[in-house]
Amino acid sequence: MLIRHRKSSDVASREITPESVYLNRRNFLSVASGAAIALTAGERSARAAGLPASGAAFANVKPGYAKLGEDDAVTPHESATTYNNYYEFAQGKDQPAKLAHTFKPLPWKVAVDGLCAKPGTLELDAFLQPHDLEERIYRLRCVEGWSMVIPWVGISLAEVVRRFEPLGSAKYLRLETVHRPEELPGQRGDMLIWPYVEGLRLDEATNPLAILAVGMYGKVLPGQSGAPIRLVVPWKYGFKSVKSIVRLSFTEEAPHNTWAIKRPDEYGFYANVNPLVDHPRHTQATERRIGDGGKFFGLIEERRPTLMLNGYEEEVAHLYSDLDLRKNF
Ligand code: MTE
């Protein structure tokens with residue numbers, strides 16, 4: 001099965017999870033709210049409004065898929081958590097990390113609705129509970145022309161989709177970010193239409209590579225990275241990987257995704273990484289790997305060729321065999 005595939009060049013999960021204290025999935029909410037392990041239900045809910053504790057790490061994370069090339073070093077944690085796109089905070093890459101303290105990722109509920117047999121609104125721990133946490137080390141390629149290699153901790157989106165039993169008429173999954181202008185200053189402006197929305201075809205959502213991440217580098221996701229739960233679809237440009245998800249909806253029609261609404265001439269629904277199709281303002285033939293040049297804010301990283309489907313052709317190219325990817329960008 002794809003997600004077990006590893007090469008000798010792959011990065012072992014223990015090499016990128018240095019924390020000495022490990023907590024298991026059942027302690028997720030306790031960890032995320034900065035509480036100790038053995039809390040009563042009352043104590044847990046009382047603390048659930050707090051912010052994620054930095055340094056809180058997961059245990060019982062199964063090593064998962066990590067097909068990396070020789071020159072795919074894991075991006076330094078510092079770079080991945082201080083160079084972010086999260087317009088609900090602000091536009092500057094360094095701003096989400098500086099403003100994330102305003103955002104309360106817990107308590108959190110996820111609603112699942114639309115064309116499915118088992119809709120419902122679940123507390124985050126109930127939403128995660130049936131699923132195994134896996135580590136997935138993926139390349140992340142932004143349409144702006146930069147990339148990273150990030151070790152995520154997440155659950156299989158395919159399993160989540162199957163659990164809520166989509167009806168035969170369901171063809172797409174729509175994913176929606178939280179809308180809280182009081183905590184997310186960017187949402188007080190009109191840079192984008194809020195809430196941020198993304199979508200996948202159901203066969204994309206059930207591809208084994210697609211995950212919902214709740215952690216990175218073995219630890220709970222920080223606010224700027226999409227706490228407490230975000231999508232990761234590594235063969236697509238980063239803007240598809242919607243952050244801080246509150247709603248999953250099964251639909252018959254393709255959801256109108258935020259960037260395609262904002263600039264339909266520049267962004268489409270598919271957003272598959274494709275070095276042969278340039279964005280009007282950014283070449284897609286090459287990319288710069290954040291962290292390659294040492295201090296990424298100072299030096300310009302050397303550009304490297306961008307891989308078709310971000311290097312995941314073997315896993316996902318069959319999904320697009322009957323599509324013209326120049327038209328369906
Ligand atoms: N999700 C929301 N809700 N808001 C955003 O602004 N930015 C997207 C995506 N998900 C974004 C979002 C873009 S453009 C990218 S490249 C990735 O998140 C960046 O993820 P990272 O900051 O963890 O690297």
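Both ligands and their constituent atoms are indexed starting at 1 by order of listing.
Contact annotation for Thr177 and ligand 1: only side-chain heavy atoms (C-beta onward) come within less than 4.0 Å of the ligand. Neither the backbone nor the side chain of Met148 comes within 4.0 Å of ligand 1, counting heavy atoms alone. Under 4.0 Å from ligand 1, not a single heavy atom of Val143 appears. Under 4.0 Å from ligand 1, the heavy atoms of Glu88 that appear belong solely to its side chain.
The protein heavy-atom contact nearest to atom 7 (N) of ligand 1 is Asn85 O, 3.2 Å. Nearest non-hydrogen protein atom to atom 9 (C) of ligand 1 is Gly238 O, 3.3 Å. Here the protein heavy atom with the shortest distance to atom 18 (O) of ligand 1 is Lys243 CE, 3.4 Å. Atom 24 (O) of ligand 1 has Leu140 CD2, 3.4 Å as its closest protein atom, hydrogens excluded (heavy atom only). In this structure, atom 23 (O) of ligand 1 lies nearest to the protein heavy atom Arg230 NH1, 2.7 Å. Closest to atom 10 (N) of ligand 1, if we only count protein heavy atoms, is Ser241 O, 2.9 Å.
Distances from atom 8 (C) of ligand 1 to the heavy atoms of Phe89, Tyr87, Tyr237, Tyr196 put Tyr196 nearest.
Judged purely by distance below 3.5 Å, without hydrogens or angles, the side chains of Ser244 and Tyr86 pair a donor atom with an acceptor atom. Of the N and O atoms on the side chains of Lys93 and Asn84, not one donor lies less than 3.5 Å from an acceptor on the other residue. Between Glu198 and Asn257, the side chains place a donor N or O and an acceptor N or O closer than 3.5 Å (distance only, hydrogens not considered). Side-chain atoms of Arg289 and Ser147 include a donor-acceptor pair closer than 3.5 Å.
Applying the ring-ring contact (aromatic ring centres under 6.0 Å, His included) test to His282 and every residue at least two apart in sequence or in another chain returns His279. Every side-chain contact (heavy atoms from CB on, under 4.5 Å) that Ser156 has, sequence neighbours left out, goes to Ala158, Glu159.
Arg180 has no carboxylate O lying under 4.0 Å from a charged side-chain N of Glu88, or vice versa, which leaves the two without a salt bridge.
Close contacts of ligand 1 with Cys142, meaning ligand atoms under 4.0 Å from a residue heavy atom, involve 16 (S).
Atoms OH and CD, on Tyr65 and Glu315 in that order, are 3.0 Å from each other to the nearest 0.5 Å.
Backbone and side-chain nitrogen or oxygen atoms of Trp152 are examined, and none is located within less than 3.5 angstrom of a nitrogen or oxygen of ligand 1. Of the polar atoms of Ser225, none of the N or O atoms is found under 3.5 Å from an N or O of ligand 1, judged by distance alone.
A cation-pi contact links Arg139 to Tyr312, judged by a cut-off of 6.0 Å to the six-membered ring centre and 45° from its axis.
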